[in-house]
Amino acid sequence: MFKRLSIFGACLAAALCTLPAANAADPTYVVGSGGTYRPFEFENSKKELEGFDIDVISAIAKAENFNIKLVNTPWEGIFATLGSGDRDIIISGITITDKRKQMVDFSSPYFPAEQAIVVPKGKTIGGIADLKPLKVGVVNSSTGDIVVSDVLGKNSTAIKRFDNTPLMLQELYEDGIDAAVGDVGVAKFYIKNHPDKEFNLVSDAKFERQYFGIAVAKGNDDLRNKINSGLKKIIADGTYAKIYQKWFDNDVPALPAE
């Protein structure tokens with residue numbers, strides 16, 4: 001037991017948690033993950049998958065005594081790999097939606113995936129309505145783009161669209177825009193890794209609350225129940241909080257049971 005706990009501690013420090021289970025007789029599940037959505041899943045210099053999602057599924061596997069085999073899986077067609085049996089589990093920053101529930105079964109939510117407003121430290125802003133007189137950055141065709149377009153108008157010249165969040169937040173730092181709207185997880189990760197830029201996050205109740213879930217094939221209740229059981233365990237014993245703090249900040253969210 002001591003050896004396994006020591007491995008887990010080193011795993012968190014290295015940001016890669018593909019842990020062995022208790023013994024080789026335990027089941028092994030193939031896990032598909034996109035590998036292009038930093039900080040949730042991405043390839044490191046050794047072409048290994050790492051990120052928040054990877055740490056979470058690895059911790060769940062440890063808690064439930066099963067092995068995982070991580071496979072970088074392109075987003076296009078990722079859901080079909082469950083139906084074909086090529087993947088047993090998918091964890092890839094997947095927002096739980098009613099449409100997707102028709103294709104796969106989801107675990108309980110493991111991450112709140114709402115939007116957030118990013119502003120320079122010292123700038124006072126209360127929420128979405130305060131964006132109206134400002135020049136606002138969004139990632140092109142993202143949820144943030146849709147939200148800001150509803151407020152400012154789709155063709156507003158006050159909206160500046162970017163290919164990704166780092167480019168958008170660099171522009172915010174250089175005063176090219178007044179505020180930015182994007183995925184809260186991506187924004188938190190950027191802020192954590194660029195403390196010199198001194199950004200603040202602003203939430204708004206009007207942002208739709210969405211969650212990421214871990215997907216399994218329709219009807220695979222046994223595996224889904226294992227994942228949910230493991231998720232409850234890592235939340236209860238503080239492992240989830242440690243993983244969250246490693247990638248984001250100390251504002252660990254409370255998660256709904258379903």
Under the side-chain contact (heavy atoms from CB on, under 4.5 Å) rule, what do Ile90 and Thr73 come out as? Steps first, then yes or no, please. CA-CA 9 Å; Ile90 293 173; Thr73 307; over 6 Å; no
Set out, in order, the CA-CA distance, both residues' side-chain angles and the distance that settles side-chain contact (heavy atoms from CB on, under 4.5 Å) for Lys62 and Ile234, then state yes or no. CA-CA 9 Å; Lys62 174 181 178 289; Ile234 68 171; over 6 Å; no
Take Lys160 and Glu171 through the test side-chain contact (heavy atoms from CB on, under 4.5 Å) and record every step on the way to the result. CA-CA 10 Å; Lys160 189 167 184 179; Glu171 185 79 355; 2.6 Å; yes
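For the ring pair (Phe, Tyr, Trp, His ring centres under 6.0 Å) with Phe111, the qualifying choice from Tyr37, Phe40, Tyr211 is Phe40, the only one to do so. Shown are Lys226, Lys69, Arg87; of these, the side chain to side chain donor-acceptor pair (under 3.5 Å) with Tyr29 is made only by Lys226. Just one residue in the list Tyr190, Phe52, Phe189, Tyr240 forms a ring pair (Phe, Tyr, Trp, His ring centres under 6.0 Å) with Phe248, and that residue is Phe52.
Side-chain contact between Ile96 and Pro109 is present, with heavy atoms from C-beta onward closer than 4.5 Å. Between Pro253 and Tyr244, some side-chain heavy-atom pair lies under the 4.5 Å cut-off. When side chains are defined from C-beta on, Leu172 counts as touching Pro120, because their heavy atoms get closer than 4.5 Å. Side-chain contact between Phe207 and Val184 is absent, with no heavy-atom pair separated by less than 4.5 Å. Residues Ile214 and Phe106 fail the side-chain proximity criterion, which asks for heavy atoms closer than 4.5 Å. Using a 4.5 Å cut-off on side-chain heavy atoms (C-beta onward), Ser229 and Glu64 make contact. Pro112 places a side-chain heavy atom less than 4.5 Å from the side chain of Arg209. Side-chain contact between Phe42 and Thr36: absent, with no pair of heavy atoms (C-beta onward) separated by less than 4.5 Å.
Val202 and Ile159 fall within a single hydrophobic cluster, where Ile, Leu, Val, Met, Phe, Trp and Tyr are joined by side-chain heavy atoms under 4.5 Å apart, directly or via other members. By the criterion of side-chain heavy atoms lying less than 4.5 angstrom apart, applied directly or through intervening Ile, Leu, Val, Met, Phe, Trp or Tyr residues, Phe199 is not grouped with Ile128; the two fall into different hydrophobic clusters. With hydrophobic clusters built from ILVMFWY side chains whose heavy atoms lie under 4.5 angstrom apart, Val56 shares a cluster with Ile235. When the side chains of ILVMFWY residues are joined at heavy-atom separations under 4.5 Å, either directly or via intervening members, Leu223 and Val30 end up in two distinct hydrophobic clusters. Hydrophobic clustering places Ile227 together with Leu255 (ILVMFWY residues linked when any side-chain heavy atoms are closer than 4.5 Å, directly or through intermediates).
Nearest heavy-atom pair across Phe212 and Ala113 is CE2-CB, 3.4 Å.
Applying the side-chain contact (heavy atoms from CB on, under 4.5 Å) test to Ala80 and every residue at least two apart in sequence or in another chain returns nothing. Considering only residues two or more places apart in sequence or on other chains, Lys192 meets the side-chain contact (heavy atoms from CB on, under 4.5 Å) condition with none of them. With sequence neighbours left out, Tyr110 forms a ring-ring contact (aromatic ring centres under 6.0 Å, His included) with no residue at all.
Pairs engaging residues 69-92 under the ring-ring contact (aromatic ring centres under 6.0 Å, His included) rule: Trp75-Phe79 [sequence neighbours left out].
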I'd like a table of donor-acceptor pairs (distance under 3.5 Å, sequence neighbours excluded) in which one partner is a side-chain atom from residues 131-144, with atom names and distances.
unit_1	atom_1	unit_2	atom_2	d
Ser142	OG	Val139	O	2.6
Ser142	OG	Gly144	N	3.3
Ser142	OG	Asp145	N	3.2

With a 3.5 Å cut-off and sequence neighbours excluded, list the donor-acceptor pairs that the side chains of residues 162-170 form with protein atoms.
unit_1	atom_1	unit_2	atom_2	d
Asn164	OD1	Leu167	N	2.9
Gln170	OE1	Lys197	NZ	2.4
Gln170	NE2	Glu174	OE2	2.7

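Here Lys218 pairs with Asp105 in a salt bridge; the nearest charged N to carboxylate O distance falls below 4.0 Å.
No more than 12 heavy atoms of other residues, nucleotides or ligands sit less than 6.0 Å from atom NZ of Lys101.
At distances below 3.5 Å, not a single donor-acceptor pair connects side-chain atoms of Asp88 with backbone N or O atoms of Leu82.
A distance of 8.5 Å separates CD of Gln102 from OG1 of Thr97, quoted to the nearest 0.5 Å.
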